[in-house]
Amino acid sequence: MSESDKEKQKKYYPEPELAKNARVKSMDDYNNIWKQSIDNPDKFWDKEAKMVDWFKPYSKVWQSPKGDGDDFVGKWFVDGKLNVCYNCLDRWVEKGYGDQKSLIWMGEDDTLKEYTFASLKDKVCKAANALKELGVKKGDRVCIWLPMVDDLAISMLACARIGAIHSIVFGGFSAESVKDRIDDSDCKILITADEVMRAGRARPMKDNLKGIIETCPSIEKVAVVKVTNGDVYEYEKDVNYTALIEKQSTECPCEEMDAEDPLFILYTSGTTGKPKGVVHTQGGYLVYCMSTNLYVWDYSCLVDLKGGKPSERDVWYCTADIGWITGHSQIVYGPLALGAISVMYEGVPTWPHKGRFWEIVQKLKVTHFYTAPTAIRALMKYGEKEVNKWDISSLKMLGTVGEVCNWPEWIWYWKVIGKGSTGEKPVGKPIVDSYWQTETGSYMMVNFGAITPMKPGSCTFPFFGINPKLLDEDGNEVKNTNTQAYFAYDMPWPGLMRTVWGNHERFVSTYLSKFPGHYYTGDYAQIDDEGYYFILGRADDVIKVSGHRLGSAEVESAINSHPKVAESAVCPYPHSIKGSTIFAFVTLMEGVDPSEDLKKEIQNHTRSVAGPTVKPEVIMFADALPKTRSGKIMRRILKAIATQSEIGNTMTLANPDVVQHLVEERAKLGKIEF
Ligand code: PRX
């Protein structure tokens, strides 16, 4: 084994002082609590649910499912009544912490808005009253398409306060994607912005809705946040949301919600062309977000001050966009319900300079920093000097999410950001590798920062109450170590999604049917000799670009909507920063000549239809695509052609002869490296 392979397979240890004050103090404690949580989940979750202030206590922790195809999830905290916004804000004010910091928002231009629990509550009440004035009632759906302005967090809390269900669409998605999501869940209101500030420039947002928002029948009002006050497209249903909020009262009662009422819908990509509206609930989701954040990160927060002063709480900074589940659970709901200080930043990590994250760490004395491997890879490229300009000594723990954190970025993060050692027994600031999904609400497999010995690339062990299973095609448990298997869980937990909005059957068929009695993740995983879990990637047609989930079929339908395209198929292609990018095989309409200009045209078209993040970076024209006799495109073969690797068996193809031709065409493109 080479020296560097030995380094990669070593265990890395959290600084020992962290364990002294930790909530879970040792791996023995972790193992004991985990076992208890699996043997008696009701007891474990009952204890965790005490962290929530309930308006009316639940009568039962968990009620087993009663048919409707769901033999798994059931109901959590039955008959319990609560309000999530109350738990994030009001209760801290009522307990005397009103003047303590809650959300710290920082703008691209360095504007700092340091909300206390009281001032955030006032602003949220005003926004909630504004929504009421626009006719929003309990159970109504509100679509939110905003950049990372503080009004985004405020709007979601305002919805939660009055019992409206928010459906947030990532600001980088296209207006067409917004329309699809509005139509799917009949949103009554759209909250959006006039323009977006990105890398120092105002860019269009509202203008992109022209010609599209008019075709959304359910929309009654478009509430416009004035970010730049730019002169943009005006629609007859527009309301100046910023002005409307200002004139409202700061009094707005919290709606009493049932634990199982939906809190939000968040659309995510799957294997078909239509994104799924993942539905999360009030009670179970909140308890799960709080419990995971508390034990994994161990930051000091109001729910349990560990003897400290409220003003000496740690500072938590999650760099995700709130348009993704990470932002929902780890910027807003989890940290605020725990009474933590949560940082929200408007901009990108590389503007106005390449050390922006580290500058924020210095400025706000961030103690816990959580980002994505793709961001680490991007920043790594600029070298240590960009980091060393800043004082990042406030940091106690680091973390990653969204995809595997591979060795090069892992060790850079460990050494350069965490200042970890590399000797016989390396010790340093923990890197929390959190594996989870939009569907799971919060972390599933994750190291407890203060205590778990780490292995680079491994998300280590399950969170409490989570029982992972590695299965073969027939659902038998795979006991062998280092063997690729389907990754599933055999018991429910409170934070699991409850349904796909308007399509319960799809929920059951996507997640619960492949392995009856299990939730199936769609991922491959394996376990090593010491029981560490390694996620090997998606087993389905989902592509991860910069940690963002894209459905192959969605990208293909955007490409196919170009008038000169007859058909297309996409597959992931390695990218040194994004992890993967999109490689597209495109068959043109009869008589259309292929050209480099046409490739650019197709790329631009795809981005305008599906959003600026969706770019087929390589396009290869193909006369035909390899298909099975039933007409299904064989992506496995396309992936091998794209990456110029072993093609494998082509026996099941209806047209095996196209493969050789595509291999030759691919060779003509030469070496492609990103
Ligand atoms: O493939 C896994 C990968 O991201 C998928 C979930 O994507 P999404 O719903 O967008 O949620 C991302 C943020 C929670 C998973 O099915 N994934 C997520 N975290 C990790 C990961 N793969 C490896 N290691 C991780 N830590």
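Just follow the structure's listing: the first ligand is 1, and inside any ligand the first atom is 1.
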- Any side-chain donor paired with an acceptor under 3.5 Å for Ser442 and Gln330? yes
- Item | Heavy-atom nearest neighbour in the protein, as seen from atom 25 (C) of ligand 1, with distance rounded to 0.1 Å | Glu403 O, 3.5 Å
- Run through Trp76, Phe264, Trp493 and flag the one making a ring-ring contact (aromatic ring centres under 6.0 Å, His included) with Tyr285. Phe264
- Task: For ligand 1, find out whether one of its N or O atoms is nearer than 3.5 Å to an N or O atom of Asp433.
- Result: yes
- Under 4.0 Å from one or more heavy atoms of Val401, ligand 1 contributes atoms 13 (C), 14 (C)
- Item | Lys514 NZ/CZ over Tyr486 ring centroid, <6.0 Å and within 45° of normal | yes
- Message: Under 4.0 Å, heavy-atom basis, I'd like to know which part of Cys405 is in contact with ligand 1: side chain, backbone, both or neither.
- Response: neither
- Query: Looking at Ser434, which atoms of ligand 1 are within less than 4.0 Å of one of its heavy atoms?
  - Reply: 19 (N), 20 (C), 25 (C), 26 (N)
- Might you confirm whether atom NZ of Lys639 has over 12 heavy atoms from other residues, nucleotides or ligands at distances under 6.0 Å? no
- Among protein heavy atoms, which sits nearest to atom 2 (C) of ligand 1, and what does the distance come to when rounded to 0.1 Å? Asp523 OD2, 3.3 Å
- Query: Quick one: nearest non-hydrogen protein atom to atom 13 (C) of ligand 1, plus distance?
  - Reply: Thr326 OG1, 3.5 Å
- Closest heavy-atom approach to atom 12 (C) of ligand 1 among Arg549, His548, Met445, Lys544 is made by Lys544
- Can you say whether the rings of Trp414 and Tyr12 are parallel (under 30°), tilted (30 to 60°) or perpendicular (over 60°)? perpendicular
- So is Gly402 close enough to ligand 1, meaning a heavy atom under 4.0 angstrom away? yes
- Query: Are the aromatic ring centres of Phe448 and Phe464 under 6.0 angstrom apart?
  - Reply: yes
- From the candidates Thr438, Ile535, Val404, Thr268, the one that places a heavy atom nearest atom 9 (O) of ligand 1: Thr438
- Query: Are Thr499 and His504 linked by a side-chain donor-acceptor pair shorter than 3.5 Å?
  - Reply: yes
- Pair Lys455 + Asp528: basic N to acidic O under 4.0 Å: yes
- Item | Sub-4.0 Å heavy-atom approach of Cys459 to ligand 1 | no
